[in-house]
Undergrad: 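Here it is, the structure in full.
For ligands, and for the atoms within them, numbers begin at 1 and follow the listed sequence.
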Amino acid sequence: MQKKPFLTLEQAQNIIKDYKTPFHLYDEKGIRENARRLNKAFSWNKGFKEYFAVKATPNPYLLKILKEEGCGVDCSSLSELIMSEACGFSGADVMFSSNVTPEEDMQKAYDMGSYINLDDYNFVPFLKRVCGVPETVFCRYNPGGIFSLSASEDGVQVMDNPGEAKYGMSEDQMAQAFVELKEAGAKHFGIHAFLASNTVSNDYYSELAGVLFELAVRLKEKTGVHIAYINLSGGIGVDYKPDEPSANIEIIGENVRKKFEEILVPNGMGDVSIFTELGRFMLAPYGALVSTCLHQKHIYKEYLGLDACAADLMRPAMYGSYHHITVLGKEDEPCTCKYDVTGGLCENNDKFAIDRMLPKVENGDILFIHDTGAHGYSMGYNYNGKLRSAEILLCEDGSHKLIRRAEKLDDYFATFDFTDDFKFNTK
Ligand SMILES: *Cc1c(COP(=O)(O)O)cnc(C)c1O
């Protein structure tokens, strides 16, 4: 399928009059429509709730939009909890799925009345010591071994290696944890697992659901606890490449429903609420990095040099990820030129694309780097003294709104505010 930007050249020029590139831009309309589709696809489950994985895109304005669409938040750190609290999330609106958790983070999650999801059996005594055991508590499962799905109907392979992953606990540890948590006063229990990331197969989520539903039945039999919640976590992917299949949320919801009817209902567990903790699926396609071509060079290859760099979008440098690029205003021109599209870091992996066919680019052209709405801005950093970009919302009515200002030099130097030994001239 052809990938179309949610922004025209004219709209981009309009925004750039107010805020210079580079910036991450988010599409409010797309975000809302997608959230509604997800909620509808799971509306067969009475207690269904999506807890948006805050780490994917920690911006309070975006969290508020998702809140208006009925979503909660999934946090993994103190700062994410505090941001969520500031947006009005509390109690059952907050999942706390952390690992290697500091005491103060756990205490904050407890104080907010969050659903705490324990990553390890040793977190049972830790929880008791730090804050006490809440009425509702989750445990994260790791089945070990290899999780693979090769014979899926849509032909999309899924493969991941839980046995090598640091997360979660074994079934025996979970059973033991549930018994001890119940003794300590917990009344309602949840289970959670994250087995594979960025899956575009429509069968991954239902396969995971099957694993968790069967586990829930066994745990209930073994320990006698009331399992009220099953959290399918994140992992539904998006089509970063134009020719990639994309996950169909209606089919995914229906496939999970079938497993629910098949496994939980006959075991008297039809009251279980299904939770999701999607990050990428909720936002990736509805964000883009908008950047201007500053320079071009020709040596042994052709290079475009952008005002954005890997500090604004780390995924290509870190994982070799593909992000589609559209040159705004040249959507219909033939892609006749082969470029490496680079940023200005002193690192040769600072490339948004390698050997990418694009229309002929001129300095000053505006490039739209697709699908940066999740794990984009949030993974940014300050290497080479690069300042973090702004985030802007393209509102439903076509207007635009600053939702995070760009970093200034004073921000960069702010962590030296404890000393008078240096003077930084930021004017
Ligand atoms: C990262 C993460 C998510 C979200 O993952 P996506 O791939 O963005 O959907 C959900 N839950 C937990 C615990 C995570 O660490």
Side-chain angles (χ1 to χ4, degrees), residues 26 31 34-35 37-38 41-42 49-59 62-63 66 71-81 84 89 93-101 105-106 109 114-120 123 137-143 147 156 158-160 162 165-169 190-202 204-205 208-209 212 229-240 244 246-247 249 252-253 256 274-287 313-315 318-319 321 323 371-379:
Y26 302 91
I31 294 170
N34 184 62
R37 271 184 69 193
L38 171 76
F42 282 88
K49 196 171 179 78
E50 150 71 3
Y51 291 82
F52 174 67
V54 174
K55 71 162 194 246
T57 325
N59 185 299
L62 300 176
L63 296 186
L66 291 170
C71 302
V73 279
D74 163 41
C75 299
S76 57
S77 69
L78 180 61
S79 358
E80 292 176 2
L81 286 167
S84 300
F89 294 98
D93 297 335
V94 184
M95 280 289 314
F96 185 61
S97 294
S98 65
N99 67 96
V100 197
T101 312
D105 297 32
M106 191 62 93
S114 322
Y115 285 158
I116 294 174
N117 183 16
L118 302 181
D119 181 63
D120 182 39
F123 278 14
V137 64
F138 286 63
C139 285
R140 181 167 183 169
Y141 177 52
N142 183 332
F147 179 83
V156 182
V158 175
M159 170 88 164
D160 229 308
K166 66 174 178 171
Y167 308 107
M169 51 184 116
I191 62 175
H192 167 281
F194 191 148
L195 300 185
S197 184
N198 192 28
T199 60
V200 288
S201 163
N202 291 329
Y204 163 68
Y205 231 41
L208 166 68
L212 283 178
Y229 310 106
I230 297 182
N231 183 342
L232 303 177
S233 77
I236 298 182
V238 300
D239 47 342
Y240 287 100
E244 216 169 10
S246 61
I249 200 64
I252 291 172
V256 173
I274 303 297
F275 293 165
T276 57
E277 263 176 11
L278 300 167
R280 194 186 312 274
F281 179 80
M282 299 306 288
L283 279 194
Y286 315 109
L313 178 66
M314 197 185 202
R315 287 174 32 78
M318 189 166 175
Y319 310 116
S321 313
H323 279 269
D371 302 323
T372 71
H375 313 292
Y377 180 93
S378 62
M379 289 176 81

Undergrad: State which residue, out of Lys55, Met318, Met314, fulfils the side chain to side chain contact (heavy atoms under 4.5 Å, CB included) condition with His375.
TA: Lys55
Undergrad: Do Tyr167 and Phe194 have ring centres separated by under 6.0 Å?
TA: no
Undergrad: Below 6.0 angstrom between ring centroids: does that apply to Phe147 and Tyr204?
TA: yes
Undergrad: Determine whether Met106 and Leu118 satisfy the following criterion, side chain to side chain contact (heavy atoms under 4.5 Å, CB included), listing intermediate values before the conclusion.
TA: CA-CA 10 Å; Met106 191 62 93; Leu118 302 181; 4.2 Å; yes
Undergrad: Given side chains that start at C-beta, do those of Leu278 and Glu50 come closer than 4.5 Å, heavy atoms only?
TA: yes
Undergrad: Can you name the residues that come within less than 4.0 Å of ligand 1, going by heavy atoms only?
TA: Ala53, Lys55, Asp74, Ser97, Arg140, Phe194, Gly234, Gly235, Glu277, Leu278, Gly279, Arg280, His375
Undergrad: Parallel under 30°, tilted from 30 to 60°, perpendicular over 60°: which one fits the rings of His323 and Tyr240?
TA: perpendicular
